[in-house]
Amino acid sequence: VMTDIKGNIEFVNPHFLNVSGYNRDELLGQNPRILGSGEKSTQDYQQMWTQLVSGKPWHGEFKNRCKDGSLYWESSTISPVFDEDGKIINYIGIKDNITEKKQLESEIFAQKAYQEIIFNRLPECIVNTDRHRRIVSINPEFTQTFGYEIDDIRGKPTSVFYESIDDFNEQGKIRYSMTAEELLKPYIVRYQKKNGTLFPGETIGRKLLDNEGKTIGFMGIIRDVTEE
C-alpha cells in the first residue's frame, strides 16, 4: 500500500485487496486506519508517524479488521519515499499476513502454560533429562520427595538418585536405550534420597522427541510406593 504524505491511500496491490476484502475504489483516498480494529492506541500511531516524518522507516504489527468484520494480523514495514531533493513525497507499506503465525504462537503459549501447570502441580516426581540421561529439570514434588534442589543435580546423570550404579546401567539398557519404545511401561526402582534414605519408586519413562522424531531426552515420572 502507498499513501501520500498525509497518509491517504493512493495505491494498493491485488493481494492487499484479497486480504482486506475491500475493492480499490473503497480504499483510495482513505487512511489505512479504516482497517483498524481499535486495539492500537493513538499514542502508538503518534510514535509511528513521528518516526516516519523524521525520514526513518517503521516496523511493527497491526491487528486489522477486514471488510466483513473478521480480524487478521499483519507485519508491516513502512518507509518514506523521497524525491530528488530529499523531500518526503509518499509512504510505502510492505505488509505480510501473519495471522496463522499468531494463532500458532497463541496455541504454543497455551500448551506451554498447561504443561507448566502439570509440571508444577502434579503430585508425582518429574525429572527431565537430555539424551545422555543428564538432569535438565525437576518439579517441586521431586524436590519435596528426594530433597534435591535443581542446582544440586542439574547436569548430573540420574544415577545420583539410584540406589546403585548397577541399577542405573541396567535400566539404561532396558528402558532408556535409543531403541526403546516411546511409551514405557511402569517399573519399580529403588531410589536414594539426598539424605541417604532408600525407597521404592514406581516409574514411567517417556522419550522426548524433536520435530524429526529423533530422541532429544527423557522424562521420568516417579511415585513413592513405600506404603503399598
Do [X] and [Y] make a side-chain contact, defined as non-hydrogen atoms from C-beta onward lying under 4.5 Å apart?
X	Y	result
Arg131	Ile216	no
Val19	Asn64	no
Val53	Tyr91	yes
Leu27	Leu17	yes
Leu198	Gln192	yes
Tyr22	Ile34	yes
Ile138	Phe146	no
Lys63	Lys102	no

Inset, instruction - Not counting sequence neighbours, which residues clear side-chain hydrogen bond (donor to acceptor under 3.5 Å, both in side chains) with Asn128? List them please. - result: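 Asn128 satisfies side-chain hydrogen bond (donor to acceptor under 3.5 Å, both in side chains) with Ser137 only.
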Inset, instruction - Spell out, as yes or no, whether a donor-acceptor pair under 3.5 Å connects the side chain of Asp152 to the backbone of Glu149. - result: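 Yes; judged by distance alone, with no hydrogens or angles, the pair exists.
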Inset, instruction - Ignoring hydrogens and angles, tell me if any N or O in the side chain of His59 forms a donor-acceptor pair with the backbone of Ser76 under 3.5 Å. - result: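 Yes, the answer is positive, given that a donor and an acceptor are paired below the 3.5 Å cut-off.
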Inset, instruction - Just say parallel, tilted or perpendicular for the rings of Phe161 and Tyr191, cut-offs at 30° and 60°. - result: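 It falls in the tilted class, 30° to 60°.
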When rounded to the nearest 0.5 angstrom, what distance separates [atom1] in [X] from [atom2] in [Y]?
X	Y	atom1	atom2	answer
Met219	Arg206	CE	CZ	6.5 Å
Asn120	Ile126	CG	CD1	8.5 Å
Ile153	Thr158	CD1	OG1	9.5 Å
Asp44	Glu61	CG	CD	12.0 Å

Side-chain donor/acceptor pairs under 3.5 Å, residues 6-15, sequence neighbours excluded:
from: Glu10; atom 1: OE1; to: Asn90; atom 2: ND2; distance (Å): 2.9
from: Asn13; atom 1: OD1; to: Phe16; atom 2: N; distance (Å): 3.0

Legend entry - Heavy atoms of other groups near Lys87 NZ, more than 12 under 6.0 Å: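 12 or below, so no.
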Legend entry - All salt bridge (Lys or Arg N to Asp or Glu O under 4.0 Å) counterparts of Lys40, not counting sequence neighbours: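 Here no residue qualifies.
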Inset, instruction - Name all residues meeting the salt bridge (Lys or Arg N to Asp or Glu O under 4.0 Å) criterion together with Asp151; count only those two or more places apart in sequence or in a different chain, and write none if there are none. - result: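 With sequence neighbours excluded, Asp151 shows a salt bridge (Lys or Arg N to Asp or Glu O under 4.0 Å) to Arg154, given in chain and number order.
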Legend entry - For Phe168, ring-ring contact (aromatic ring centres under 6.0 Å, His included) partners two or more places apart: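 Only Tyr162 meet the ring-ring contact (aromatic ring centres under 6.0 Å, His included) criterion with Phe168.
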Inset, instruction - Could you pull out all residues at least two apart from Trp58 that satisfy ring-ring contact (aromatic ring centres under 6.0 Å, His included)? - result: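 So Trp58 forms a ring-ring contact (aromatic ring centres under 6.0 Å, His included) with Phe62.
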Legend entry - Distance-only side-chain donor-acceptor flag, Asn97 / Thr99, under 3.5 Å: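 A pair is found: one side chain offers a donor N or O, the other an acceptor, under 3.5 Å apart.
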Legend entry - Short N-O contact, Asp210 and Lys214, less than 4.0 angstrom: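 Not counted as a salt bridge, because no side-chain N and carboxylate O are separated by less than 4.0 Å.
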